[in-house]
Amino acid sequence: MKFPLKLKFLHTMFFLSVIILSFLTLNLLDLLYVKLASPAYHFSFPANIEFNFVNAQGIHKIKTNQLGLRGSLPKPEDCVDLILGDSQAFGIGLEEQSIFHNLISSTSGCEVYNASFPGYSIENELSLFRILATNLKLRKVVLFIYGNDVYETGYNKLFETYLQNNHLYLKFFRLIMPNVGISLAKLKFNQYLTDSIAYDIKKNEKRHLIPETKFIEDNSILLSLYNMDSMYFQKSLDTRKTSKNQFQKYKRYLEILIEEIKNENIELDIIYLPLDIEHDASRGEEYKQIGFILDKQWLEGDSAFVLDLYELTSLQSLRFIDLRHAMRQSKRILKFGDFHLNEKAHTLIAEKLIEQKVFK
């Protein structure tokens, strides 16, 4: 049976209308999902275990709690001052007693709990805060922002590699609902990181543990950073040009975290921990020899990232403690052979936080 030409045309227009309407509806739902849900995820160590943490500085014992974080969780009824941050605030390579939070705990009227975690970005810290805020009696949050936080937010190299190798259904979601698809991919990615950490811990248990001292001797970590991304510093600090779009993603998560902390009537201080090139001229020369291009303003003045943080915290009426000045004036060597802060740096951090009466 042949359909009249006009009827065929109407059928075609109907199906096209349905497709277009479906596409617009999915896009609207996709935008609403991100705006209303503000999804965020994090990864962790395996829960309730004790293991050896191995890096260039040595072998250190770490004991985890039920959330897969270091140390014992405060009791639900205890007053808590919470620290959020990445590996710098975590204290990679340090014995427990040398990490800054243990040097200042006696100055606080509440228990100081350092929930910082290696590799965390602002998205991970938002996710972790949401869990801890429902389990702990928080009086204050002290958020440590490190100079590479913008680079680590959203599409870093590890996440990009994961996306290239992800499952077909994730690619399908990213095609029809990009934000939902990315959110689902991040959920899977953070679970992948948690599983990878657990696998590495088990693997280390089965071999003789030797600190990776070659990293200190030949700067291989700095070289590997250059091989990973020669634009690493521009993408971290040049937030008004090179990483303008990435900074907007970072800023959005930071503003959500600030809003949720304020809504819980919790105090908030923000601390800036600079990259080594922002306070150490000799380290800057090492990076230049490797091939990095550095802006002298990052060392002698302010990066765009720091200026953006000053502006944001001022608008939010938040206290912003910038540790660049103290580190630039310090005569102490503040880094290990890689780019992590050593015990002298953590002592300096503790001194400044006590001076500013962050915990009282």
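Reckoned from all heavy atoms, side chains included, excluding hydrogens, waters and symmetry mates.
Pairs engaging residues 231-316 under the disulfide (SG to SG under 2.5 Å) rule: none recorded [sequence neighbours left out].
Using modelled atom types and a 3.5 Å distance limit, the side chains of Tyr287 and Asp276 yield a donor-acceptor pair. For the residue pair Asn148 / Ser236, no side-chain donor-acceptor distance below 3.5 Å is found, with atom types taken as modelled. A side-chain N or O of Asn190 and one of Asn124 form a donor-acceptor pair less than 3.5 Å apart.
Taking 4.5 Å as the limit, every side-chain heavy atom of Ile201 sits out of range of all side-chain heavy atoms of Asn52. Residues Phe90 and Leu341 are not in side-chain contact: their nearest non-hydrogen atoms beyond the backbone lie 4.5 Å or more apart. Considering only heavy atoms from C-beta on, Ser98 stays 4.5 Å or farther from His346 through its side chain. At least one side-chain heavy atom of Pro274 sits less than 4.5 Å from a side-chain heavy atom of Met327. Looking at Leu82 and Ile266, their side chains never come closer than 4.5 Å, going by heavy atoms from C-beta outward. At a threshold of 4.5 Å between non-hydrogen side-chain atoms, the residues Val150 and Lys235 do not count as touching. At least one side-chain heavy atom of Leu103 sits less than 4.5 Å from a side-chain heavy atom of Thr347. Side-chain contact between Ile83 and Phe100 is present, with at least one heavy-atom pair separated by less than 4.5 Å.
For Thr64 (side chain) and Phe45 (main-chain N/O), no donor-acceptor pair under 3.5 Å exists by modelled atom type. Between the side chain of Ser196 and the backbone N or O of Tyr192, at least one donor-acceptor pair lies under 3.5 Å. Between the side chain of Ser121 and the backbone N or O of Thr153 there is no donor-acceptor pair closer than 3.5 Å. A donor-acceptor distance shorter than 3.5 angstrom exists from the side chain of His60 to the backbone of Gly93, with no hydrogens or angles considered. Within the 3.5 Å criterion, the main-chain N or O of Lys188 finds no donor-acceptor partner in the side chain of Gln191. Checking side-chain atoms of Thr313 against main-chain N and O of Leu318 turns up no donor-acceptor pair under 3.5 Å. At least one donor-acceptor pair closer than 3.5 Å links the side chain of Thr107 to the backbone N or O of Ile104.
Minimum interatomic distance between Thr194 and Ser44 (heavy atoms only, all atoms of both residues): OG1-N, 3.3 Å. Contact detail for Leu69 and Ala115: the closest heavy-atom pair is CD1-CB, 4.3 Å. Between Ala40 and Tyr253, the shortest heavy-atom contact is CB-CE2, 4.5 Å. When all heavy atoms of Glu111 and Asp78 are compared, the closest pair comes out as OE1-OD2, 3.8 Å. Nearest heavy atoms, Asn48 versus Gln66: OD1-N, 3.2 Å. Closest approach of Ile131 to Thr134, counting heavy atoms only: O-OG1, 2.7 Å.
Under the 4.5 Å side-chain contact rule for hydrophobic residues, Met231 and Ile277 do not share a cluster. The hydrophobic cluster containing Tyr310 also contains Ile321, counting ILVMFWY residues as joined when their side-chain heavy atoms lie under 4.5 angstrom apart, directly or transitively.
Salt-bridge formation is detected for the pair Asp308/Arg240: a Lys NZ or Arg NE/NH1/NH2 atom is positioned less than 4.0 Å from an Asp or Glu carboxylate oxygen. Under a 4.0 Å N-O distance rule, the pair Arg130/Glu260 qualifies as a salt bridge. Here Lys262 does not pair with Glu259 in a salt bridge; the nearest charged N to carboxylate O distance is not below 4.0 Å. Glu285 has a carboxylate O that lies under 4.0 Å from a charged side-chain N of Lys288, or vice versa, which qualifies the two as a salt bridge. Here Arg139 pairs with Asp81 in a salt bridge; the nearest charged N to carboxylate O distance falls below 4.0 Å.
Between Tyr120 and Phe43, the ring planes lie perpendicular to each other; the angle is over 60°, past the 30° to 60° tilted range.
In summary, the aromatic rings of Tyr272 and Phe144 are positioned with their centroids too far apart to meet the 6.0 Å limit.
Tyr151 pairs with exactly one of Phe233, Phe247, Tyr232, Tyr250 by the ring pair (Phe, Tyr, Trp, His ring centres under 6.0 Å) rule, that one being Tyr232.
Atom CD of Glu152 sits about 10.5 Å away from atom CD of Glu123, to the nearest 0.5 Å. Note that the CZ atom of Phe51 and the CD1 atom of Ile197 stand 8.0 Å from one another [nearest 0.5 Å]. The distance from atom NZ of Lys61 to atom CZ of Arg70, rounded to the nearest 0.5 Å, is 15.5 Å. Between the OG atom in Ser116 and the CD atom in Glu125 there is a gap of 7.5 Å [rounded to 0.5 Å]. Separating the CG atom in Asn114 from the OG atom in Ser105 is a distance of 11.0 Å, to the nearest 0.5 Å. In this structure, Phe359 CZ and Lys140 NZ are separated by 7.0 Å, a value rounded to the nearest 0.5 Å.
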Which is it for Asp86 and Asp149 under the side chain to side chain contact (heavy atoms under 4.5 Å, CB included) test, yes or no, and what are the steps along the way? CA-CA 9 Å; Asp86 63 2; Asp149 279 7; 3.7 Å; yes
Apply side chain to side chain contact (heavy atoms under 4.5 Å, CB included) to residues Ile145 and Ile271 and explain how you reach the verdict. CA-CA 6 Å; Ile145 294 178; Ile271 318 292; over 6 Å; no
Verdict with reasoning, His340 to Ser87, per side chain to side chain contact (heavy atoms under 4.5 Å, CB included): CA-CA 8 Å; His340 285 107; Ser87 59; 3.1 Å; yes
Let me see the working for Thr239 and Lys244 under side chain to side chain contact (heavy atoms under 4.5 Å, CB included), right down to the final yes or no. CA-CA 5 Å; Thr239 53; Lys244 185 176 181 179; over 6 Å; no
Going through the checks in order, is the side-chain hydrogen bond (donor to acceptor under 3.5 Å, both in side chains) test met by Tyr113 and Asn65? CA-CA 12 Å; Tyr113 181 63; Asn65 54 47; 2.9 Å; yes
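By the 6.0 Å contact criterion, OH on Tyr199 is open, its count of non-hydrogen atoms from other residues, nucleotides or ligands being 12 or less. Other residues, nucleotides and ligands contribute at most 12 non-hydrogen atoms within 6.0 Å of the CD1 atom of Ile293.
Qualifying side chain to side chain donor-acceptor pair (under 3.5 Å) partners for Tyr146, counting only residues two or more places apart in sequence or in other chains: Gln88.
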Taking only distance into account, with no hydrogens and no angle test, what donor-acceptor pairs under 3.5 Å do side-chain atoms of residues 294-307 form with protein atoms, sequence neighbours excluded?
| unit_1 | atom_1 | unit_2 | atom_2 | d |
| --- | --- | --- | --- | --- |
| Asp295 | OD1 | Gln297 | N | 2.9 |
| Asp302 | OD1 | Arg324 | NH1 | 2.9 |
| Asp302 | OD1 | Arg324 | NH2 | 2.7 |
| Ser303 | OG | Phe305 | N | 3.4 |
| Ser303 | OG | Val306 | N | 3.2 |

